[in-house]
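Please read the structure below before turning to the comments.
The chains referred to below are lettered A, B, ... by the order of the sequence lines, with proteins before strands, and numbering in each begins at 1. The basis for the numbers below is simple: all heavy atoms, side chains too, and nothing from hydrogens, waters or symmetry mates.
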Amino acid sequence: AQSVTQPDIHITVSEGASLELRCNYSYGATPYLFWYVQSPGQGLQLLLKYFSGDTLVQGIKGFEAEFKRSQSSFNLRKPSVHWSDAAEYFCAVGGYNQGGKLIFGQGTELSVKP
Amino acid sequence: DVKVTQSSRYLVKRTGEKVFLECVQDMDHENMFWYRQDPGLGLRLIYFSYDVKMKEKGDIPEGYSVSREKKERFSLILESASTNQTSMYLCASSVAGNTYEQYFGPGTRLTVT
């Protein structure tokens with residue numbers, strides 16, 4: 001069955017430090033991959049997406065993610081974290097096998113220390 | 001600016017009550033979705049609709065029903081609320097042909113006592 005795993009439930013980084021959030025997926029075909037962010041009290045917002053092509057994708061707010069097929073991973077990165085990045089981050093997978101539906105990971109909550 | 005609104009941010013209901021959660025989008029989107037969000041479980045799809053009066057079950061439809069009489073409005077109904085339906089409920093919408101890039105509302109936190 002298709003699934004998404006985010007191994008880290010909660011991560012704390014210092015402001016200005018680099019960030020990497022991990023995402024591993026299980027999918028029987030070429031997946032479509034997404035990262036969404038949920039700021040406190042708000043709905044989810046799409047950060048970036050991968051459908052095909054270049055395996056390094058750029059998103060909004062200075063985020064990027066790299067698709068590594070051999071590792072079944074789609075990790076999210078940011079070189080320098082800002083306090084406003086504190087939020088919950090969700091990785092998701094979709095594709096034809098899913099009938100157009102998204103499967104979400106459990107989420108990683110990011111805290112930013114001043 | 002695209003917008004998805006949900007009728008209530010917080011709702012408290014009693015066990016056995018019939019509960020309506022309303023969602024409205026102003027983007028003329030064809031697809032609409034209802035999820036529930038629980039700590040440690042991420043988002044799970046309850047129902048989705050790809051057109052007026054059309055609906056499809058998601059991964060956890062039991063105990064829920066939906067209604068879509070107008071394109072912009074998608075309602076989630078709990079016929080007889082139970083305590084295990086205490087959760088955050090999120091509505092989303094997307095354009096036809098792209099079910100992955102979804103726009104989300106702020107959520108309704110429902111507590112069933």
Side-chain angles (χ1 to χ4, degrees), chain A residues 1-10 21-27 29-52 57 59-60 65 67 74 87-109, chain B residues 1-10 21 23-25 27 29-51 54-61 74 87-109:
Chain A
Q2 290 80 3
S3 65
V4 178
T5 301
Q6 294 179 244
D8 304 305
I9 296 172
H10 189 205
L21 301 183
R22 295 183 292 164
C23 173
N24 294 100
Y25 66 89
S26 172
Y27 197 77
T30 301
Y32 301 151
L33 295 160
F34 308 85
W35 276 99
Y36 280 82
V37 60
Q38 184 179 33
S39 298
Q42 299 188 22
L44 278 70
Q45 180 184 20
L46 181 64
L47 271 181
L48 48 75
K49 61 194 176 192
Y50 172 79
F51 287 112
S52 65
V57 294
I60 61 172
F67 170 53
F74 189 57
E88 190 156 20
Y89 292 80
F90 292 93
C91 182
V93 65
Y96 292 117
N97 287 9
Q98 284 301 116
K101 294 182 286 186
L102 283 173
I103 297 176
F104 286 87
Q106 303 91 324
T108 297
E109 186 176 354
Chain B
D1 197 19
V2 297
K3 202 162 186 182
V4 178
T5 57
Q6 296 183 228
S7 51
S8 306
R9 292 301 301 272
Y10 300 93
L21 302 183
C23 174
V24 177
Q25 51 94 4
M27 297 164 283
H29 284 173
E30 286 74 16
N31 303 316
M32 295 189 76
F33 309 82
W34 274 107
Y35 295 90
R36 65 177 281 176
Q37 180 182 7
D38 299 290
L41 296 178
L43 278 71
R44 293 178 292 167
L45 182 64
I46 304 171
Y47 268 97
F48 68 102
S49 168
Y50 51 88
D51 201 352
M54 307 299 287
K55 62 184 180 184
E56 286 202 23
K57 293 180 180 179
D59 299 316
I60 53 164
F74 192 34
S87 186
M88 171 71 84
Y89 290 88
L90 294 172
C91 175
S93 70
S94 72
V95 299
N98 185 349
T99 55
Y100 307 116
E101 296 184 50
Q102 298 177 17
Y103 294 85
F104 283 80
T108 295
R109 184 165 295 281

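- From B/Glu101, atom CD reaches atom OH of A/Tyr32 across 11.5 Å, with rounding to the nearest 0.5 Å.
- The closest side-chain heavy-atom distance from A/Lys49 to B/Tyr100 is not below 4.5 Å.
- Residues A/Gln42 and B/Phe104 are not in side-chain contact: their nearest non-hydrogen atoms beyond the backbone lie 4.5 Å or more apart.
- Interface check for chain A: of the options B/Gln37, B/Arg109, B/Arg44, the most heavy-atom pairs under 4.5 Å are formed by B/Gln37.
- Residue B/Tyr35 touches chain A through its side chain alone, counting heavy-atom pairs closer than 4.5 Å.
- Residue A/Glu109: no heavy atom, backbone or side chain, is found under 4.5 Å from chain B.
- Between chain B and the residues A/Leu46, A/Leu44, A/Ile9, the most heavy-atom pairs under 4.5 angstrom are made by A/Leu44.
- For the atom pair NZ (A/Lys101) and CG (B/Asp59), the distance works out to 5.0 Å, reported to the nearest 0.5 Å.
- Going from atom CD of A/Gln45 over to atom OH of B/Tyr103 covers 9.5 Å, rounded to the nearest 0.5 Å.
- Residue contact with chain A, scored on non-hydrogen atoms closer than 4.5 Å, involves the backbone and the side chain of B/Leu43 alike.
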